[in-house]
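Take a look at the structure below.
Below, chain A is the first sequence line, B the second, and so on; all start at residue 1. What's counted below: heavy atoms across the whole structure, side chains too, no hydrogens, waters or symmetry copies.
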There are 2 protein chains.
Amino acid sequence: MSEQAGETYRAGSVAHRVPDLGAMELLLAVARLGSLGGAARELGITQPAASSRIRSMERQLGVALVDRSPRGSRLTDAGALVTDWARRVVEAAEAFDAGAQALRVRRDSRLRVAASMTIAEYLLPGWLLALRAQRPDTAVSLHAGNSAAVAERLLADEADLGFVEGLTVPTGLDSVVIAHDNLIVVAAPGHAWSRRRRPLDGAELAATPLILREKGSGTRQVLDAALGGLARPLIELSSTTAVKAAAVSGAGPAVLSELAVGEELSMRRLVGIPLSGVSLARDLRAVWPTGHRPVGPARDLLSLTRG
Amino acid sequence: MSEQAGETYRAGSVAHRVPDLGAMELLLAVARLGSLGGAARELGITQPAASSRIRSMERQLGVALVDRSPRGSRLTDAGALVTDWARRVVEAAEAFDAGAQALRVRRDSRLRVAASMTIAEYLLPGWLLALRAQRPDTAVSLHAGNSAAVAERLLADEADLGFVEGLTVPTGLDSVVIAHDNLIVVAAPGHAWSRRRRPLDGAELAATPLILREKGSGTRQVLDAALGGLARPLIELSSTTAVKAAAVSGAGPAVLSELAVGEELSMRRLVGIPLSGVSLARDLRAVWPTGHRPVGPARDLLSLTRG
DNA sequence: GCTCGCTCATAAGGTCAGTTTATGTCGCCA
DNA sequence: TGGCGACATAAACTGACCTTATGAGCGAGC
């Protein structure tokens, strides 16, 4: 195979083909401030460091990103596009950071949260980021588990606020609905169902072996209830990610939260199969011990999660 | 201010608080393969390197991520959560990479794409990633510009396939609708409109000064047409990002593509204002010179962008 | 008109994270 | 009991990134 630099795509770690997070962050600062030196000051590095870093990013990407002039720097057209893409990477990294900080076990936590897996995975990092923007001094700790575990932690006073996604609210807890979630049927683009014209009905769904989460998971509970306990598993897997991977690889149709498959749907790695006559909607709820209305930081977080 | 390690959040570059992309990628490989050594082999590094890198990631995050045993490594509960968050960062980086590769000017491009800004920003990286998965040898080049520029490049045979988002199809081009986009009215959560009970109507919208893209942009065209050329600018800004930033900071209400504000809405940095009686829908179209139906790589990409 | 102040570029040296090679320990299995 | 696979530890190497120091272009004000 020919080895001309970067001719066509070659598989391998993406980390060696993209600038690191620090460089992307620097680029965002340059875009915002219109100056390499200014961006350097904001990030606490020197101007030559910023200059060299942007230059090596341009060399790596093979594209000029900023127009330098003696009175400032502006993004080129390509630079503007790259900056927008970089912003999405940095935002994902910020969500990672917000989540990871909450996982650290700390005695000084001011707000202890317990959440179901789906919520912890997809929604909480964003909420924590918003909370941090409002109240930077609130140290949050997070524990993820199923509904029963969330209830247990709340009742044992090991958590101040919980989030669950089941059909029922565990006893001993008060709750408020904060969002709605729909389970959807998905299949790989090559699957026969992806070319159906007629929506699927409940009987067909119940008759077909599906890739599912294990019995006892929130997702499975909702599906079993909607089908009258009849869902037939093709495979049972213990994480949303594993189910997605199996469905993408074409192992069969799967039922998943729409929160989990947004990306896959928009990139056509999976297609949603319309369903009629069966409602796979479920409520996402914030929960707390009966009578103990959230106050302080818990109340702040709760108010962020609702409109 | 006290300096206990990592007690509460302190502003500063996120890059120093999160593992780098290589470490996240390594973690994903460990999760998938169930072994540090296996992950190391996949990424082309040695086992001690992988071991040390995972260890330093655990030290940085203050959380155990993998359970090591003499016969493999499995993620801890916290590790599974961290891995899910890391996956989103890596996916954003892959989209960045796919886009950036297309920006490089190459003589050997097999597919030359011209796209409007909004599409290039939000949709194309995903399509390019999907195309790469299907046809790894297709070298793509990308040029972003407004509708007129896209048409010009196609007609001058400088591009094989274009994507536009205006109301009308430039003359000389055939087109097919590939998706729909809605403009929505957004405001910061504190804005008076965010507490409205009644939907906004066209007259109110036309009477209120708005944060807008400059005249001539696709977004502005749609809005002006819907309101009968009456949109009143509060400020005119030349990029979607700038408009978003102004709206988030509370400068006033803005009108933006729903593609551009998904993240901001779900994190409540902006709220959508319901609108009645005015349709701000627009079609996203693939375009090509009349008569020259896309073939080869252009056809592959086109078929990815439709259901 | 000259100098100050802002911008970015270049050069030389230091530091540290991440890497490799080499070796040790643990548990399982034939 | 020896062999194999997986992970840990130690020591030395490498390179990316940083800093300090200095140079050069452009514009504004005295």
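Closest approach of A188(B) to A247(B), counting heavy atoms only: CB-O, 3.5 Å. The two residues R220(B) and E236(B) come nearest to each other via the heavy atoms NH1-OE2, 2.9 Å.
For S238(B) and R213(B), the side-chain atoms include no donor-acceptor pair closer than 3.5 Å.
The separation between R55(B) atom CZ and dG18(C) atom P is 14 Å, rounded to whole Å. Protein atom NE2 of H16(B) is 11 Å distant from nucleotide atom P of dC17(D), rounded to whole Å. One can place CG of D20(A) at 11 Å from P of dG18(C), the figure rounded to the nearest angstrom. To the nearest angstrom, P of dC7(D) lies 13 Å from CZ of R74(B). I54(A) has its CD1 atom 18 Å from the P atom of dA16(D), to the nearest Å. dA17(C) atom C1' lies 15 Å from atom CG of L26(B), rounded to whole Å. Spacing between atom CZ of R53(A) and atom C1' of dT19(D) amounts to 14 Å, rounded to whole angstrom units. In this entry the distance linking CG of L43(A) with C1' of dC18(D) reads 13 Å, nearest Å.
Here the nucleotide nearest the side chain of P48(B), chosen from dA10(D), dC26(C), dA9(C), is dA10(D). Listed nucleotides: dT20(C), dC26(D), dG27(C). Nearest to the side chain of T46(B): dT20(C). Of the candidates dC26(D), dA8(D), dC8(C), the closest approach to any side-chain atom of P70(A) belongs to dC26(D). Considering only side-chain atoms of L36(A), the nucleotide from dT19(D), dC26(D), dA9(C) that sits closest is dA9(C). The side chain of A49(A) lies closest to dT19(D), out of dC26(D), dT19(D), dA9(C).
Around atom CG of D77(B), no more than 12 heavy atoms belonging to other residues, nucleotides or ligands sit under 6.0 Å away.
Using a 4.0 Å cut-off between charged side-chain N and carboxylate O, K244(A) and E264(A) make a salt bridge.
If you find the closest nucleotide of DNA chain D to G34(B) and to G44(A), the one lying nearer the 5' end belongs to G34(B).
Taking 4.0 angstrom as the limit, S35(A) places a side-chain polar atom (N or O) nearer than this to OP1 or OP2 of dC8(C). Between R68(A) and dT7(C), a side-chain N or O to OP1/OP2 separation shorter than 4.0 Å is absent. Phosphate contact (OP1/OP2 of dT9(D), side-chain N/O of S52(B), threshold under 4.0 Å): absent. At dC26(C), none of the side-chain N or O atoms of S69(B) fall inside 4.0 Å of OP1 or OP2 (strictly under the cut-off).
One donor-acceptor pair, N or O on each side, does fall under 3.5 Å between the base of dA8(D) and the side chain of Q47(B).
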